[in-house]
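See structure below.
Hydrogens, waters and symmetry mates play no part in the numbers below; they use all other heavy atoms, side chains included. Note that this is a predicted model, so its numbers are computed, not measured.
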4 protein chains.
Amino acid sequence: MQSSTRKERTQFRQRQILDAAVAAFAEKGFYKTRVSEIARRAGVADGTIYLYFKSKDDILISLFEVRMEEVLQVIHEALLDCTDAEQRIHEFFRLYMSIIDRDPALAEVITIELRQSDKFIREYENPKFKELLRYLASIIGDGQREGIFRSEIDPRLTARAIFGALDEVTLAGLFAKRPLESSRMARSLSELFVQGLR
Amino acid sequence: MQSSTRKERTQFRQRQILDAAVAAFAEKGFYKTRVSEIARRAGVADGTIYLYFKSKDDILISLFEVRMEEVLQVIHEALLDCTDAEQRIHEFFRLYMSIIDRDPALAEVITIELRQSDKFIREYENPKFKELLRYLASIIGDGQREGIFRSEIDPRLTARAIFGALDEVTLAGLFAKRPLESSRMARSLSELFVQGLR
Amino acid sequence: MQSSTRKERTQFRQRQILDAAVAAFAEKGFYKTRVSEIARRAGVADGTIYLYFKSKDDILISLFEVRMEEVLQVIHEALLDCTDAEQRIHEFFRLYMSIIDRDPALAEVITIELRQSDKFIREYENPKFKELLRYLASIIGDGQREGIFRSEIDPRLTARAIFGALDEVTLAGLFAKRPLESSRMARSLSELFVQGLR
Amino acid sequence: MQSSTRKERTQFRQRQILDAAVAAFAEKGFYKTRVSEIARRAGVADGTIYLYFKSKDDILISLFEVRMEEVLQVIHEALLDCTDAEQRIHEFFRLYMSIIDRDPALAEVITIELRQSDKFIREYENPKFKELLRYLASIIGDGQREGIFRSEIDPRLTARAIFGALDEVTLAGLFAKRPLESSRMARSLSELFVQGLR
DNA sequence: GATGAATGAGAATTCATTCAT
DNA sequence: CATGAATGAATTCTCATTCAT
């Protein structure tokens, strides 16, 4: 089993570093986290980081992509069982908030730290985020074709609004003292949007 | 006649520096803007900045407070004429987006730069933002009392969702190539929420 | 009585500032004391300081000169009554240490702060200090002429040694926890030197 | 063969930096010496300094400790051959002044610069200096037990006085125009103290 | 004489990144 | 592949001093 291929070992190291990074970022924030701190947590030398990532910004970007990929996967699979767009909206809210709820460090990365990397905001194309938005928009489009959502609604604009709402509510949850009943909140919000979309 | 001269001059200087700062932040971002650049734009010496603000972070915080105060004022006044909560929601969206639309630099500061100051996110209480949220929540509460919004809705949670939606849509607008028809978008979004709230 | 001459008012202000300075220096040290702090303690504006002193260094130098002048005066007068050089040495030690003992802030200024001003050490001629040394040397010279001190002793070298001993012992006293019995110590030290000089 | 290489290299670098520092401090004084100037003289980058020392203050403190350690070593060894306390006092003066005489830069550091670092005076415990004083006091104590020094003398107080005298005389020597006959002066001073101690 | 707002030179330290081993 | 010592660019903030009022 040790006879791992080069690619496997590379992926293992990358994952090792990203896990160290997400923990570090969640604790101190992107700007205040030192590359050497990530290296320490990952159990590698400072220079080793640069064998797997081009820069500190690149770590954040990769982190987002890998994690968002997973989020997308989970949501995508779960929504296969849904019979209509309305149900898919409800499920989307429920899943997104439960994922964030179980992994607060990830929440930090998505809601806050992502906006702290200049490269991320100003230069990075952010394909995974676009995919998330596209997916949300497609659900709304489906609902319109199913005749349950109003046809004059702009799916892409609304997808953005939905993500913004989720993100902001999640961010608020991060700083809330007591654990928020995320599933009840998720339902409450999805009701609001579903109702609004009808 | 000398009365309030000192205070006036102080306020003038502060405004002068904040105006320089908002322009600089919008152009290069908070982290990449040098204090000396703000000083240059304001036409004062570097050290003078520190007679009016404690730190670079403090400039950002003050900037937010002063500008948000103005936004709140404008919205508050305009909404006095509204007959019911539903109209107030529509007006709120319309005004917020039109203000942002006319002052993209302000948009930058609110949507992006604010999240780039560690102090802002992790330490600052952000009273003006809280006021905005409280105000939104009060509109929803009014609507519930008026019997036009569902009573099981949580006004504070929904206020946050609304701000998140507005903020995200605004952020998207910043990077959009062609000028967005903000008033149409505002109406579209407020319809969504009003419908959802009913 | 208010009809003070210009010179009197000037001297009053200077004294006022020097008193503020000695207190501030003793508390925070020369380098860490801000000119504005001295102004605050003296109850004048920052700029006013510069009407009476050329620079921060100049305050320290003037402080030393004025205070050392007083010390010299006191010692000089007291030693007029002494019958021989030996007695004068004893009296010198006793007086110097008692003066320092009663005014620890002055001690700080003489023993420590004086060495912290570059100008003081490297450029300033320090006439009052020279006078103190000359005076000490003259006592030793007198003793030699009186036939009670060895003639092969170099009065100027020994004067310096005596001041160094006094200064170091005083410095140690500043950081000592319990009040040192300065008069006993003074006698003990003067015995040492008198015996050594014989 | 690799053994202790890292340690050796570290010590080499530290010595390299300290040597550069002592030269720079002697020339311009502690406060006026830039860290970048020390780096330049040591032939390393500015940042490298901070891999070996915590701060500029720390350089001064380390400098004192390393050099004082050497002084203590030399004096300690040389005094092993002395038959009695009196001889040891004479030797102590002779050696101290000859060491200082041969290395004026070291003299600067000990007599002047040390008093220019706030941390040094106000916070640093200064163990090596204490060791020097303890050693001097022990010589005096020995002399008392040998019956050649008066028993009523306080060894610690006198040790301080002796160091003060030596330090002050050394300081005077630094600013003297012509080279002082340090060995004659050392003997003259040690005679003074030995005589006084008897 | 007095004020105090404004100046602006000045410097220690950090830390992402590199590269010789 | 991995290391970690070395780099050096980069920037906020302080504070003695000035000078218009």
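E:dC15 is paired with F:dG8 under the criterion used here, namely a Watson-Crick or G-U wobble arrangement in which both key atom distances are under 3.5 Å.
Here F:dC15 presents its P atom at 13 Å from CD1 of C:I38, a figure rounded to the nearest Å. Protein atom CD1 of D:I17 is 15 Å distant from nucleotide atom C1' of E:dA12, rounded to whole Å. The distance between atom CG of C:D57 and atom P of F:dA16, rounded to the nearest whole Å, is 11 Å. As rounded to whole Å, 11 Å separates atom P of E:dA2 from atom CZ of C:F12.
Under 4.0 angstrom from either OP1 or OP2 of F:dC15 there lies no side-chain N or O belonging to B:Y50. Listed pair A:R13 / F:dC1 fails the phosphate criterion, with no side-chain N or O lying under 4.0 Å from OP1 or OP2. Contact annotation: A:R34 reaches the phosphate of E:dA16 (side-chain N/O to OP1 or OP2, under 4.0 Å).
Distances were taken from every side-chain heavy atom of B:V44 (C-beta onward) to each of E:dT7, E:dT3, F:dT7; the shortest belongs to E:dT7. The side chain of C:S55 has F:dT17 as its nearest neighbour among E:dT7, F:dT17, F:dT3. Of the candidates F:dG4, F:dA2, E:dA6, E:dA6 carries the atom nearest the B:T48 side chain, counting heavy atoms from C-beta on. Distances from the side chain of D:V35 to the nucleotides F:dG4, E:dT13, E:dA2 place E:dT13 closest. The nucleotide whose nearest atom lies closest to any side-chain atom of D:A45 is, among E:dT3, E:dG8, F:dT7, F:dT7.
Counting non-hydrogen atoms under 4.0 angstrom, C:R40 reaches nothing in the nucleic acid. D:T10 comes within contact range of no nucleotide atom at all, as no heavy-atom separation falls under 4.0 Å. Here C:Y52 lies in heavy-atom contact (under 4.0 Å) with sugar-phosphate atoms only.
The aromatic rings of B:Y31 and A:Y31 lie parallel to each other, their planes meeting at an angle below 30°, with 60° marking the opposite boundary.
DNA chain F is contacted by both D:L51 and C:D46; D:L51 maps to the nucleotide lying nearer its 5′ end (nearest heavy atom per residue).
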